[in-house]
Participant: 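Sharing a structure here in structure tokens format.
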There are 2 protein chains.
Amino acid sequence: MSIQDVARAAGVSVATVSRAFNQPEQVAPDTRRHIEQTAQTLGYLPNASARTLRTQRSRVLGVVLPTLVNPVFAECLQGMAEAAAQAGYALMPLTTHYELEREEQAVSRLLAANVDGLVLVVSNPSQSSALQRLRARALPYVLAYHQHPDHPCVGVDGEQAVADLVARLVALGHHRITMVSGQRHASDRAEQRCRGYQRGMADAGLSAAPVLEVPFMAQALQDIVACLRQNPAPSALICSNDLLALRCLRAAHLAGRSVPAQLSVVGFDGIALGEDLTPMLSTITQPNAEMGQRSIALLVQALQHGLPPTPGASLTLAHGFRLGESCARPALSAT
Amino acid sequence: MSIQDVARAAGVSVATVSRAFNQPEQVAPDTRRHIEQTAQTLGYLPNASARTLRTQRSRVLGVVLPTLVNPVFAECLQGMAEAAAQAGYALMPLTTHYELEREEQAVSRLLAANVDGLVLVVSNPSQSSALQRLRARALPYVLAYHQHPDHPCVGVDGEQAVADLVARLVALGHHRITMVSGQRHASDRAEQRCRGYQRGMADAGLSAAPVLEVPFMAQALQDIVACLRQNPAPSALICSNDLLALRCLRAAHLAGRSVPAQLSVVGFDGIALGEDLTPMLSTITQPNAEMGQRSIALLVQALQHGLPPTPGASLTLAHGFRLGESCARPALSAT
DNA sequence: CTGTTAGCGCGTTCAA
DNA sequence: TTGAACGCGCTAACAG
């Protein structure tokens, strides 16, 4: 079922059929309707590979994400899918599990697949050789969830967000605030958020506790419980992501501390699910779906303009704070 | 950067370069190494579109899912991505938001994209015109999360699972068990689970209460609260999915009933997140990632064999039960 | 073991 | 306004 078949069936040349689809105004109305009719009944669909080969544009965008198991990225991908469909692009998502090697592989595969551009969420833009390859090939790309002077990014100011949060907690009466983070060196986002904690504590005139770094999720629960059993124990935990916050809620339960009366827990990410939890998760919210949409939009816009997105086009989206129910004024005994 | 350039640079013909990649054993070791070396330094990657056009195989699989915002499908897609990467395929996922029209669109786009096959999660296989088109084109496909005699499926026996659950709840001492479901007509999965509830109740000699159908998630909370305030109120809720179960936990909170002491809540899906909640979510578990893996595996296997998967190749995966902490023996007053 | 060549389906010249 | 013909990059058939 090719353009040939349609041309034959409609009694015109392939060129006319091609034009009927791509430059309808150049075809006589009667001819056009006839061709459309014929194509319709034959169930003709233009072959994307041939079109790509000819035009050097695939209308496919590559997406590189750490994982889909974290709802943050699933929500983001959903937003990308929306925006891409809107703009007539398809998506080809690959996951890396935070492994640099898989970032490389992903980019290779996507390059070979002739994607017109990519949106990436990487571990660390400064060290990513995958990004270097994209630049070398002058392939348009946008980083999501990042902020970096050398790359076009769509992100939020995670440092400011956490610093603000610290101020908010201090205003509530918290003094002993601990930051809980995944591997800091594995992600510049985690690092950025930790910096926000340190700055926020310093601004409040408090001494920052060492960041509780929980490298492996499997181990996280025990580490947090241990932290909560210290004396003095923290009255509030700031988590570098929402999944970690869930673990903290559980750890509080195991350690016999009620939330929020005896312990405040605040996450980071704003996954939609958090709103349905009991207690509703207090968290710094990022607009995850919008992050995806805007990343795609930035990329698509650049593709239409003909020049790749520049670092100057980077966007910082507004973050928010969901008060939720896992965060409150500390009990007097804990103050 | 085409095969031509590599051939020229290596001083061989394009055919030899092609063979060096696709049938290495047919090329003299020295020649092969030389070509690989040249390609490497030039940064050559074979052009997927040209290869697809020529071979009529894209090594891309289409995926049609309701949404990525429900972790069930995100986990499933992650499993698919794993299996596909393993087998050398890329994925092109599209979401439908449970709308039939978008199922159609998705299939059209994927057909045009020359996918070698598809995995779909649809509303209702019996009524899906999208599936008819796939059959008409003889394009291989597999349905995930479905059970249907006319289609190749990978799913679980949701009816049996819920019937078993009812028996389990009855054994714990529950009599007033209510099923909470999303729109039943919108999904044959929901319908299947509701049938399991009715069968289970009948088998236990209990009269099934009307299924509490909550069409819109936004409205769900109020409907469930109202249900819990009935007299007599149910002592246990079975939810047709985990997201609904979260709402039930919240509704219980709002209605002032403690879980599991005064109300048991059991979900369906086994999203990974449920295990980290407090109380840990009691639920019927499906192997979501495996569902994705096996669907892809079935498809890929068929592709390699050269003939599309048949309904006879369908798989029913084992479901499980996570005891969790949201389900227990009812308090005596409620018995 | 290696080279030459046709053609996959399409869009885009250039002519008519 | 329409048609004929070329070539995008690649694989496979055939020839050597």
Side-chain angles (χ1 to χ4, degrees), chain A residues 1-36 38-39 42-60 88 90 108-116 137 139, chain B residues 1-36 38-39 42-60 88 90 109-116 137 139 306:
Chain A
M1 180 68 322
S2 82
I3 201 174
Q4 289 278 2
D5 304 306
V6 179
R8 203 161 16 237
V12 297
S13 75
V14 293
T16 307
V17 177
S18 175
R19 277 190 290 256
F21 281 89
N22 301 310
Q23 296 124 6
E25 70 285 356
Q26 289 192 29
V27 174
D30 288 352
T31 322
R32 201 179 67 210
R33 270 192 299 276
H34 178 56
I35 292 174
E36 282 165 356
T38 314
L42 288 180
Y44 166 74
L45 291 174
N47 181 313
S49 305
R51 178 178 277 174
T52 296
L53 187 56
R54 177 62 234 240
T55 62
Q56 308 287 28
R57 296 190 330 159
S58 63
R59 300 212 141 251
V60 175
S108 288
R109 280 174 181 265
L110 293 172
L111 285 174
N114 288 321
V115 296
D116 290 343
R137 302 211 173 213
L139 198 65
Chain B
M1 180 68 324
S2 83
I3 202 174
Q4 290 276 3
D5 303 307
V6 180
R8 203 162 14 238
V12 297
S13 76
V14 292
T16 306
V17 177
S18 176
R19 277 189 292 256
F21 281 89
N22 301 310
Q23 295 125 8
E25 70 285 356
Q26 290 191 28
V27 174
D30 287 353
T31 322
R32 201 179 67 208
R33 271 192 297 276
H34 178 57
I35 292 174
E36 282 165 357
T38 314
L42 287 179
Y44 166 75
L45 290 174
N47 181 314
S49 304
R51 178 179 277 176
T52 296
L53 187 57
R54 177 62 234 236
T55 62
Q56 307 287 29
R57 297 189 331 161
S58 62
R59 299 211 143 251
V60 175
R109 280 176 181 265
L110 293 173
L111 285 174
N114 289 319
V115 296
D116 290 343
R137 303 214 173 209
L139 198 65

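Reckoned from all heavy atoms, side chains included, excluding hydrogens, waters and symmetry mates. Lettering follows sequence order; numbering is per chain, from 1.
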Participant: Which part of the nucleic acid, if any, lies within contact of B:Q56, taking any heavy atom under 4.0 Å across all strands shown: a base, the sugar-phosphate backbone alone, or nothing?
Facilitator: sugar-phosphate
Participant: Quick one, B:I3 with B:Y44, criterion side-chain contact (heavy atoms from CB on, under 4.5 Å). Give me CA distance, side-chain angles, the key distance, then yes/no.
Facilitator: CA-CA 8 Å; B:I3 202 174; B:Y44 166 75; 3.8 Å; yes
Participant: For B:Y44 and D:dG9, what is the distance between atoms OH and P respectively, to the nearest whole Å?
Facilitator: 10 Å
Participant: By the 4.0 Å heavy-atom rule, please label A:S49 as base, sugar-phosphate, or nothing.
Facilitator: nothing
Participant: With DNA chain D as reference, determine whether B:R19 or B:N47 sits nearer its 5' end, using the nearest nucleotide of each.
Facilitator: B:N47
Participant: Which is it for B:S49 and A:N114 under the side-chain hydrogen bond (donor to acceptor under 3.5 Å, both in side chains) test, yes or no, and what are the steps along the way?
Facilitator: CA-CA 7 Å; B:S49 304; A:N114 288 321; 2.9 Å; yes
Participant: Side chain of B:V12 only, heavy atoms from C-beta on: which candidate in C:dG3, C:dT12, C:dT2 is closest?
Facilitator: C:dG3
Participant: In whole angstroms, how far is the P atom of D:dA12 from the CG atom of B:L53?
Facilitator: 13 Å
Participant: Provide, to the nearest angstrom, the distance between the CD1 atom belonging to A:I3 and the C1' atom belonging to C:dG11.
Facilitator: 8 Å
Participant: Look at all strands and tell whether B:A28 reaches a base, only sugar-phosphate, or nothing, counting heavy atoms closer than 4.0 Å.
Facilitator: sugar-phosphate
Participant: How close or far is atom C1' of D:dA12 from atom CZ of B:R57, stated in whole angstroms?
Facilitator: 14 Å
Participant: Tell me if a side-chain donor or acceptor on B:T38 pairs with a main-chain N or O of B:A10 at a distance below 3.5 Å.
Facilitator: no
Participant: Using whole Å, what does the distance between atom P of nucleotide C:dT2 and atom CG of B:N22 come to?
Facilitator: 15 Å
Participant: Please figure out whether B:P29 or B:A50 has its closest DNA chain C nucleotide nearer the 5' end.
Facilitator: B:P29
Participant: Counting only side-chain N and O atoms of A:T16, is one of them less than 4.0 Å from OP1 or OP2 of D:dT2?
Facilitator: no
Participant: Write down the distance between CZ (B:R8) and P (C:dT4), rounded to a whole number of angstrom.
Facilitator: 13 Å
Participant: By the 4.0 Å heavy-atom rule, please label B:T55 as base, sugar-phosphate, or nothing.
Facilitator: sugar-phosphate
Participant: Is the backbone of A:V14 close enough, under 3.5 Å, to the side chain of A:S18 for a donor and an acceptor to pair up by distance?
Facilitator: no
Participant: Within the 4.0 Å heavy-atom criterion, would you say A:F21 contacts the bases, only the backbone, or no part of the nucleic acid?
Facilitator: nothing
Participant: When you measure from the side chain of A:R54, which nucleotide among C:dC10, C:dG3, D:dC10 comes out closest?
Facilitator: C:dC10
Participant: Identify which nucleotide among D:dA12, C:dG9, D:dA5 has an atom closest to any side-chain atom of A:S2, counting heavy atoms from C-beta outward.
Facilitator: C:dG9
Participant: Starting at atom CD of A:Q26, determine the distance to atom P of C:dC14, rounded to an integer number of angstrom.
Facilitator: 14 Å
Participant: Provide the closest heavy-atom pair for B:S13 versus B:A7 in the form atom of the first, atom of the second, distance.
Facilitator: C-CB, 3.7 Å
Participant: Considering every strand and a 4.0 Å limit on heavy-atom distances, what is the contact class for A:E25: base, sugar-phosphate, or nothing?
Facilitator: nothing
Participant: Rounding to a whole Å, what distance do you find between A:Q4:CD and D:dA5:P?
Facilitator: 12 Å
Participant: Please determine whether a side-chain nitrogen or oxygen atom of B:Q23 lies at a distance below 4.0 Å from atom OP1 or OP2 of D:dA12.
Facilitator: yes
Participant: Out of D:dG7, D:dA5, D:dA12, which nucleotide sits closest to the side chain of A:A15?
Facilitator: D:dA5
